[in-house]
There are 2 protein chains.
Amino acid sequence: MAEDKSELLKGTLDMLILKVVALGPIHGYAISQRIQQISKEFFQVQQGSLYPALHRLENRGWLDAEWREASSGREAKFYKLTKKGRKQLEAEVLNWARLSDAVALILRTAE
Amino acid sequence: MAEDKSELLKGTLDMLILKVVALGPIHGYAISQRIQQISKEFFQVQQGSLYPALHRLENRGWLDAEWREASSGREAKFYKLTKKGRKQLEAEVLNWARLSDAVALILRTAE
DNA sequence: TCTTGACGCCTAGCTGTTCTAGGCGTATAT
DNA sequence: ATATACGCCTAGAACAGCTAGGCGTCAAGA
């Protein structure tokens with residue numbers, strides 16, 4: 001009743017997408033699979049989260065998109081990181097490190 | 001221009017509050033100071049985030065509130081963890097561990 | 001004296017992210 | 001024939017966090 005499987009992503013989605021795209025051009029559907037697979041099924045990126053996020057990142061100039069043929073033989077929209085995207089990824093990774101350090105500080109606080 | 005200092009908390013606020021309250025009864029204003037201090041100024045909990053969160057946690061039965069006199073001599077609303085709150089804190093800490101592990105897996109992925 | 005700032009509580013309303021729940025079209029397998 | 005995987009998309013709801021205000025008290029300094 002309060003055991004949300006919701007809000008798993010907690011604002012990390014952009015960073016995760018940028019990271020996966022940084023590994024090499026990849027299309028949307030595959031991005032969500034890859035995130036799920038690498039995270040050992042912890043993250044399950046819903047399509048209703050994925051596609052708006054991709055459009056967001058593209059609009060901000062962090063991703064470039066191009067229609068190409070996927071390995072399946074079908075057309076798919078491949079994304080790759082822009083220079084700005086690479087910088088953004090670095091910034092987000094740094095910020096994540098600081099955030100999780102700060103959280104750890106608080107969680108470690110014994111009375 | 002995109003260097004948000006916003007959204008620092010990324011859904012961790014509830015957990016941080018529960019943790020700080022778990023250290024002992026404490027009033028709202030002091031909670032935000034304590035979080036800021038322990039996190040070495042990383043987290044700055046705005047009052048517009050803090051108080052709604054406290055009411056949320058109280059409504060969910062995770063916190064109990066009581067007006068008492070603060071060390072300053074003024075009346076303040078002191079919060080303490082309920083049993084449910086303690087369970088919730090445990091669950092959130094566990095989930096945070098899983099989440100940050102999953103993020104780490106993805107960030108560590110070299111090509 | 002007056003004003004500023006810290007203390008301590010609160011809310012309304014905006015924005016942004018994520019989810020649910022739907023839609024579309026193609027191909028393959030049952 | 002039908003389901004399932006692939007692959008894209010959106011609208012709308014829910015919710016968290018922020019900005020920007022408000023209220024009242026008290027101490028310190030101009």
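What you see below is based on every heavy atom in this structure, not just the backbone, and it leaves out hydrogens, waters and symmetry mates. Below, read A as the first sequence line, B as the second, and so on, with proteins coming before strands; counting in each chain starts at 1.
Rounded to an integer number of Å, the gap from CG of A:L18 to P of C:dT17 is 12 Å. As rounded to whole Å, 11 Å separates atom P of C:dT20 from atom CG of A:L9. In this structure, B:L99 places its CG atom 12 Å from P of C:dT18, rounding to the nearest Å. A:E92 has its CD atom 13 Å from the C1' atom of C:dT17, to the nearest Å. Between the C1' atom of D:dT25 and the CD atom of B:E69 lies a distance of 13 Å, rounded to the nearest Å. One interatomic measurement links the two molecules: NZ of B:K10 to C1' of C:dT18, which rounds to 14 Å at whole-angstrom precision. The distance from atom CG of A:N59 to atom C1' of C:dT15 is 16 Å, rounded to the nearest whole Å.
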message = For nucleotides 6-13 of chain C, give me one character per nucleotide, 5' to 3': B if any protein heavy atom sits under 4.0 Å from the base, S if the only such contacts are to the sugar-phosphate, - if neither.
response = -BBBBB--
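When distances are taken from the side chain of B:Q46 to each of C:dT18, D:dA16, D:dT19, the shortest belongs to D:dT19.
Within 4.0 Å of A:R68, counting heavy atoms only, lies no atom of the nucleic acid at all.
Legend: residues meeting side-chain hydrogen bond (donor to acceptor under 3.5 Å, both in side chains) with B:Q36, ordered by chain and number and at least two apart, are B:E41. With sequence neighbours excluded, no residue forms a side-chain hydrogen bond (donor to acceptor under 3.5 Å, both in side chains) with A:E69. Listed by chain and number, the residues in a side-chain hydrogen bond (donor to acceptor under 3.5 Å, both in side chains) with A:R68 are A:E66 (sequence neighbours excluded).
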Scan the side chains in residues 48-58 of chain B for donor-acceptor partners under 3.5 Å anywhere in the protein, sequence neighbours excluded, and list what turns up.
| from | atom 1 | to | atom 2 | distance (Å) |
| --- | --- | --- | --- | --- |
| B:H55 | ND1 | B:Y51 | O | 3.3 |
| B:R56 | NH2 | B:D14 | OD1 | 2.8 |

Please tabulate, one pair per line, all N/O donor-acceptor pairs under 3.5 Å involving side-chain atoms of residues 78-86 of chain A, not counting sequence neighbours.
| from | atom 1 | to | atom 2 | distance (Å) |
| --- | --- | --- | --- | --- |
| A:T82 | OG1 | A:G61 | O | 2.6 |
| A:T82 | OG1 | A:W62 | O | 3.3 |
| A:T82 | OG1 | A:K84 | N | 3.4 |
| A:T82 | OG1 | A:G85 | N | 2.9 |
| A:K84 | NZ | A:R60 | O | 3.2 |

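Here the closest non-hydrogen pair linking B:L18 and B:E92 is CD1-OE2, 4.3 Å.
Contact annotation: A:R56 side-chain N/O to C:dG16 OP1/OP2 distance is not under 4.0 Å.
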